[in-house]
Asks: 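Below you will find the structure I want to go over with you.
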Amino acid sequence: MIRVGGLPAGAVGALLPRADGTLLVSIVDEGLFAGRPSGPGSAPGANLQFQRVGDDAVPGRRVTCLATESEASGVAWVGTVDRGAYRLRGDVFEPFGLREGLASPRVHAIFEDREGVLWFGTDSGLTKRAPSAFLTYADEDGVPTEAGLFGMAESRDGSLWLAGWESGLVRLARDGTARTFQVADGLPDGRVTDIAALPTGDVVVATRRGLALVDDRGRVSKMELPKEAPQSIRTVAVLPGGGLALGTSGEGLTLVENGVARRVGAPVGSEVGALFVTRDGTLWAGGAGWGAAAIQGGKVVEALSSADGLPSNLVNGILVDARGRLWLATDRGVFCREKAGGATRVLGRSAGLPDSYVYWVGEDLREGLWFGTNHGVARLDAATSAIDIFTVHDGLGANECNEDGFLVDSTGRVLIATAGVSVFLGRPRPRRAADPVAVITSARAGGRDLAQYPEGLLPARAGAISFRFTAPSFTSEGSVRFRYRLRGLDDSWVRSAPGQDETTYGGLGPGRYELEVLAETADGRVSRAPARAAFGIRPVFYRTITFSALALGLLLAAIATVVRLREKRLEAARGALEKEVRERTEELRRANERLASLAVTDELTGLANRRRILEAMNEEIAFARRRNLPFSVAMADLDHFKDVNDASGHAAGDRLLVAAAAAMKDVLRTEDLLGRVGGEEFLAVLPGTDAEGARAVGERIRRAVEKAGLGPAGHLATTSVGVASIVPGVTDAGELLRRADAALYRAKSLGRNRVEAFEEPARNP
């Protein structure tokens with residue numbers, strides 16, 4: 001019998017014995033209490049006298065759960081209903097709440113896993129607490145996270161400058177203080193697109209309405225550019241002689257040196273989003289639709305495109321590393337070329353990157369290469385060629401990276417801009433260096449799990465056998481690789497490629513086999529024991545002992561005849577079955593193609609139907625908004641079409657629709673998309689087309705229909721066209737359609753057979 005004193009009446013919510021002999025008890029609606037032996041020499045747990053720990057403020061009266069942190073002696077964790085969690089060291093409570101990354105203040109359970117990672121179960125999901133690879137500066141530090149950061153620079157005084165799209169210019173000083181600059185502070189525009197640091201200590205700020213100069217005292221002045229220079233600038237770089245390289249969306253690349261602006265022509269295209277100046281002063285530029293080019297003395301000395309081995313002509317980032325290798329980040333992987341004329345390769349998902357859409361590539365002071373993707377950041381180790389992957393689980397601000405989102409400052413820190421700015425602290429070792437555990441998650445043959453075969457024996461000619469495996473870990477999930485072997489076939493171990501988590505074996509003969517899989521982390525920890533999957537393959541029936549014994553009692557001639565006949569029947573049956581399967585597969589393929597076509601195609605004209613054209617419009621608007629590209633639509637309507645139906649019948653009207661659709665489609669570009677949105681109304685989606693270009697496209701559509709001489713006798717078909725384009729403040733698909741429809745209505749009201757662009761209604765003075 002144990003005597004207990006000092007506990008109030010009430011239901012017990014949680015119990016936790018501690019190494020020093022005390023017992024923590026939570027009483028529902030009363031708080032947390034610690035029980036200690038009441039006298040010297042008392043046995044642990046005997047005659048406990050309880051006293052309350054903490055008060056109504058911390059941790060409060062509603063404690064839900066308790067847990068021990070094994071790596072820290074005398075430390076316990078306390079979960080509450082509405083105040084998050086607390087780390088209890090002695091009698092001191094350290095908070096772990098929303099600011100520290102907890103998903104919700106309501107904590108239901110706390111658990112420490114085999115690697116020493118603490119997990120908190122809350123109303124809003126799980127929260128992991130483990131050593132982080134990154135420290136992220138966010139809103140509470142004065143760094144905006146709502147809009148992306150698309151450029152960083154370090155000035156001579158060590159300040160970090162951040163280009164915030166629609167959030168202005170942010171200066172993060174060495175002491176941690178932050179200041180935001182906006183139009184009121186002298187910026188030409190609040191939409192800051194890039195930053196470059198000058199040797200003088202000043203920084204050049206690129207905006208949608210020109211350049212600004214900010215000195216080390218925070219004074220802002222507008223930089224006057226030659227009249228030939230563009231004003232809407234996407235990216236900027238400082239040239240060795242003090243000049244500037246200006247990349248734009250729509251106006252290509254301009255070099256400004258000694259007060260003179262020079263446009264760099266073909267093969268440099270109109271879209272320039274990446275600039276890099278090498279140590280020898282060569283300027284590399286890259287962009288959308290044309291690839292990349294090297295420029296010396298204002299002239300292009302080398303150009304690279306998909307014809308030269310680039311995986312894509314959309315180049316987002318450029319680097320020439322310390323070894324002289326050229327790296328180009330594209331939307332289909334990273335292109336790498338050794339020194340000029342050397343070997344090339346492409347890194348993507350198959351090489352271990354988390355995604356093939358790469359926004360930038362950078363190099364740290366240890367010659368490690370960094371890649372920013374849509375699904376996290378990767379680092380390629382220069383010595384081992386191993387790839388580490390970092391995500392929000394490692395402290396990164398967000399998994400989706402931004403263009404120009406990498407910087408190595410003067411102290412060697414690696415800085416990555418996503419939602420906020422993340423500083424790389426180094427890959428932390430697990431709190432508890434547990435060996436990884438390999439698990440075989442799937443083993444299938446003939447469309448069935450191996451466990452479904454009696455005694456694990458597969459029939460002869462079972463076909464390919466596939467295995468998938470994993471290594472559950474919450475500290476090394478991005479860097480685990482595998483070694484595997486199939487005993488019974490080959491006892492040597494095979495090392496998996498980066499990102500590989502499956503293997504397939506085919507053509508195995510009869511016998512017993514066992515797959516063994518080991519997991520290995522980037523720091524060299526290996527599974528203590530392999531994961532295993534055993535199975536067997538039966539021999540064909542005529543190779544069994546039973547059949548051989550029976551065959552001895554028969555005449556050799558009869559045996560040979562029977563075997564030959566049976567084999568022929570089997571071959572014939574298999575051939576018939578294979579033929580039937582091929583025929584059925586082909587029928588199914590044709591049916592699926594037909595269904596897929598009907599789902600997105602207007603059956604009468606063969607154009608995209610209303611659903612498909614509106615989906616395409618939304619996709620292109622989203623792309624144009626992210627890349628700051630022009631975009632327009634043209635809405636066309638056949639004039640007096642009802643008169644054709646009334647006078648000549650619907651069959652004549654249908655023929656007119658088909659002929660008019662063909663005439664319109666013939667005058668559009670291959671990248672444009674034309675669809676029928678209803679009746680005699682058509683919509684053309686025009687990517688990369690500004691308002692002036694949209695009006696020209698509308699005029700081509702109108703002339704094409706008029707010149708075709710379409711329509712039944714007595715009726716010459718014409719069309720009215722309304723066009724609308726993305727302008728500041730208008731990026732919504734519905735609003736763009738409304739404007740195109742209003743322009744079309746205006747064309748109809750002004751006499752038809754004409755093109756009108758949307759115009760804002762005049763405001764009353």
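Note that the structure is a prediction, hence the values are computed from the model and not measured. All values below were derived from every heavy atom in this structure, side-chain atoms included, with hydrogens, water molecules and symmetry-related copies excluded.
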Asks: Between Glu403 and Arg234, is the closest basic N to carboxylate O distance under 4.0 Å?
Replies: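 Judged by the 4.0 Å cut-off on N to carboxylate O distance, Arg234 and Glu403 do form a salt bridge.
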
Asks: Inspect the contact between Arg626 and Glu400 and indicate whether a charged nitrogen and a carboxylate oxygen are less than 4.0 angstrom apart.
Replies: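 A salt bridge is present here (some side-chain N lies under 4.0 Å from a carboxylate O).
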
Asks: So, taking the atom named CG in Leu246 and the one named OG1 in Thr254, what distance separates them when rounded to the nearest 0.5 Å?
Replies: 6.0 Å

Asks: Mind running salt bridge (Lys or Arg N to Asp or Glu O under 4.0 Å) on Asp364 and Arg379 for me, showing each step along the way?
Replies: CA-CA 10 Å; Asp364 59 30; Arg379 182 184 186 274; 2.9 Å; yes

Asks: For the residue pair Val256 and Pro226, establish whether any side-chain heavy-atom pair is separated by less than 4.5 Å.
Replies: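 Answer yes - side chains close enough.
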
Asks: Please determine whether a side-chain nitrogen of the Lys or Arg among Arg337 and Glu302 lies less than 4.0 Å from a carboxylate oxygen of the Asp or Glu.
Replies: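 Yes, charged N to carboxylate O under 4.0 Å.
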
Asks: How long is the gap from CE on Met152 to CG on Leu172, to the nearest 0.5 Å?
Replies: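 These two atoms lie 11.0 Å from each other.
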
Asks: Go through it in stages, so that I can follow the logic: the residues are Phe467 and Tyr484, the test is side-chain contact (heavy atoms from CB on, under 4.5 Å), and I'd like the CA-CA distance, side-chain angles, deciding distance and then a yes or no.
Replies: CA-CA 11 Å; Phe467 300 90; Tyr484 56 89; over 6 Å; no

Asks: Between Arg366 and Asp381, is the closest basic N to carboxylate O distance under 4.0 Å?
Replies: no

Asks: For the side chain of Asp194 and the backbone of Gly151, is there at least one donor-acceptor N/O pair under 3.5 Å apart?
Replies: no

Asks: As an exercise, state the distance from CG of Asn316 to OG1 of Thr373, rounded to the nearest 0.5 Å.
Replies: 11.5 Å

Asks: Which heavy atom of Ala163 sits nearest a heavy atom of Ile195, and at what distance?
Replies: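 So the two residues come closest at N-CD1, 3.2 Å.
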
Asks: Check whether any side-chain heavy atom of Leu225 lies under 4.5 Å from a side-chain heavy atom of Leu211, and answer yes or no.
Replies: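 When only atoms from C-beta onward are counted, Leu211 and Leu225 do touch, with a gap below 4.5 Å.
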
Asks: State whether the side chain of Asn618 and the backbone N or O of Glu615 hold a donor-acceptor pair below 3.5 Å, judged by distance alone.
Replies: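 Looks like no, no N/O pair under 3.5 Å.
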
Asks: Looking only at side-chain N and O atoms, does Ser270 offer a donor or acceptor that is under 3.5 Å from a partner on Glu251?
Replies: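 No.
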
Asks: If you apply the rule side-chain hydrogen bond (donor to acceptor under 3.5 Å, both in side chains), what do you find for Ser410 with Glu154, and how did you get there?
Replies: CA-CA 8 Å; Ser410 56; Glu154 182 190 21; 2.8 Å; yes

Asks: Determine the minimum heavy-atom distance between Val264 and Gly298, stating which atoms define it.
Replies: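 Heavy atoms only, the tightest pair is CG2-O, 4.3 Å.
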
Asks: What pair of heavy atoms forms the shortest contact from Gly372 to Cys401, and how long is it?
Replies: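 Nearest heavy atoms, Gly372 then Cys401: CA-SG, 3.6 Å.
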
Asks: Taking the side chain as everything from C-beta on, heavy atoms only, tell me whether Leu304 gets closer than 4.5 Å to Leu328.
Replies: yes

Asks: With distance as the sole criterion, is a donor-acceptor pair present between the side chains of Trp161 and Ser155 under 3.5 Å?
Replies: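 Yes, side-chain donor-acceptor contact under 3.5 Å.
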
Asks: Above 12 or not: heavy atoms from other molecules or residues under 6.0 Å from CZ of Arg209?
Replies: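 Counting neighbours around CZ of Arg209, 12 or fewer heavy atoms of other residues, nucleotides or ligands fall under 6.0 Å, so no.
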
Asks: Would you check if Arg610 and Asp602 make a side-chain contact, meaning some heavy-atom pair closer than 4.5 Å?
Replies: no

Asks: side-chain contact (heavy atoms from CB on, under 4.5 Å) between Leu169 and Leu162: does it pass, once the steps are laid out?
Replies: CA-CA 6 Å; Leu169 173 69; Leu162 311 172; over 6 Å; no

Asks: Assess the residue pair Val408 and Leu365 against the criterion (side-chain contact (heavy atoms from CB on, under 4.5 Å)); give the C-alpha distance rounded to whole Å, side-chain angles, the decisive distance to 0.1 Å, and a yes or no.
Replies: CA-CA 8 Å; Val408 176; Leu365 297 185; 4.1 Å; yes

Asks: For the OH atom on Tyr137, are there more than 12 heavy atoms of other groups (residues, nucleotides or ligands in this structure) within a distance under 6.0 Å?
Replies: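 Result for OH/Tyr137: open.
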
Asks: Whether the Asn609 and Thr601 side chains hold a donor-acceptor pair (N or O, under 3.5 Å, no angle test) is what I'd like checked.
Replies: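 No - no donor-acceptor pair under 3.5 Å links their side chains.
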
Asks: Measure the CZ-CG distance between Phe390 and Leu396 for me, rounded to the nearest 0.5 Å.
Replies: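 Taking CZ in Phe390 and CG in Leu396, the distance rounds to 9.5 Å.
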
Asks: Go through Ile318 and Leu326 one step at a time and tell me if the side-chain contact (heavy atoms from CB on, under 4.5 Å) criterion holds.
Replies: CA-CA 8 Å; Ile318 305 172; Leu326 172 65; 4.2 Å; yes

Asks: Quick one: does Ser306's side chain have a donor or acceptor within less than 3.5 Å of a partner on Leu310's backbone?
Replies: no

Asks: Taking all atoms of both residues into account, what is the closest heavy-atom pair of Val277 and Ala237, and its distance?
Replies: CG2-CB, 4.2 Å

Asks: Is Asp189 salt-bridged to Arg191, cutoff N-O under 4.0 Å?
Replies: yes

Asks: Between Arg468 and Ser442 (side chain of the first, backbone of the second, donor and acceptor by atom type, cut-off under 3.5 Å), is there such a pair?
Replies: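 Side chain of Arg468 to backbone of Ser442, a donor-acceptor pair under 3.5 Å: no, none is there.
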
Asks: Is the shortest side-chain heavy-atom distance between Val517 and Thr503 below 4.5 Å?
Replies: no

Asks: After noting the C-alpha distance and the side-chain angles of Ser356 and Arg332, does the key distance pass the side-chain hydrogen bond (donor to acceptor under 3.5 Å, both in side chains) rule?
Replies: CA-CA 5 Å; Ser356 291; Arg332 296 182 182 177; over 6 Å; no

Asks: Can you tell me which residue among Leu607, Leu614, Leu674 is in a side chain to side chain contact (heavy atoms under 4.5 Å, CB included) with Leu683?
Replies: Leu614

Asks: Mind listing the closest non-hydrogen atom pair of Val723 and Ala694 along with its distance?
Replies: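 Val723 and Ala694 have their closest heavy atoms at CG1-O, 3.5 Å.
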
Asks: Side chains of Leu314 and Thr330, heavy atoms from C-beta outward: is any pair under 4.5 Å?
Replies: no

Asks: Any side-chain heavy atom of Thr441 within less than 4.5 Å of one from Phe469?
Replies: no

Asks: Any chance the side chains of Ser249 and Asn628 put a donor and an acceptor closer than 3.5 Å?
Replies: no

Asks: Without hydrogens or angle criteria, can the side chains of Thr689 and Ser632 be said to hold a donor-acceptor pair below 3.5 Å?
Replies: no

Asks: With rounding to the nearest 0.5 angstrom, report the CG to CG distance, Asn374 to Leu353.
Replies: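 These two atoms lie 12.5 Å from each other.
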
Asks: Using a strict cut-off of less than 4.0 Å between a Lys/Arg side-chain nitrogen and an Asp/Glu carboxylate oxygen, indicate whether Arg262 and Glu228 qualify as a salt bridge.
Replies: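 No salt bridge links Arg262 with Glu228.
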
Asks: What orientation do Phe134 and Phe424 show, parallel under 30°, tilted 30 to 60°, or perpendicular over 60°?
Replies: tilted

Asks: Could you check whether the rings of Phe371 and Trp327 sit parallel, tilted or perpendicular, using 30° and 60° as the cut-offs?
Replies: tilted

Asks: How about Val170 and Leu160: do any of their side-chain heavy atoms sit closer than 4.5 Å?
Replies: no

Asks: Can you confirm whether the side chains of Trp360 and Asp404 place a donor and an acceptor under 3.5 Å from each other?
Replies: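 Judged by distance alone, the side chains do not pair up.
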
Asks: Would you check if the distance from the ring center of Phe406 to the ring center of Tyr359 is below 6.0 Å?
Replies: no

Asks: Keeping the roles fixed (side chain from Asp501, backbone from Thr470), state whether a donor-acceptor pair exists under 3.5 Å.
Replies: no

Asks: Quick one: does Asp331's side chain have a donor or acceptor within less than 3.5 Å of a partner on Val315's backbone?
Replies: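 Side chain of Asp331 to backbone of Val315, a donor-acceptor pair under 3.5 Å: no, none is there.
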
Asks: Checking Glu520 against Arg495 for the salt bridge (Lys or Arg N to Asp or Glu O under 4.0 Å) test, could you report, in this order, the C-alpha distance in whole Å, the side-chain angles of both residues, the deciding distance, and whether it holds?
Replies: CA-CA 10 Å; Glu520 181 178 359; Arg495 187 178 180 84; 2.9 Å; yes

Asks: Could you give the distance from OG1 (Thr344) to CZ (Arg325), rounded to the nearest 0.5 Å?
Replies: 13.5 Å

Asks: What closest approach, in Å, do Asp355 and Arg349 show between heavy atoms, and which atom pair accounts for it?
Replies: CA-CG, 3.7 Å

Asks: Would you tell me whether Thr136 and Ser422 have side-chain atoms, one donor and one acceptor, within less than 3.5 Å of each other?
Replies: yes

Asks: I'd like to know whether CG of Asn258 has more than 12 heavy-atom contacts from other residues, nucleotides or ligands below 6.0 angstrom.
Replies: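 Open.
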
Asks: For Glu671, does the CD atom sit with more than 12 other heavy atoms under 6.0 Å from it, leaving out its own atoms?
Replies: yes

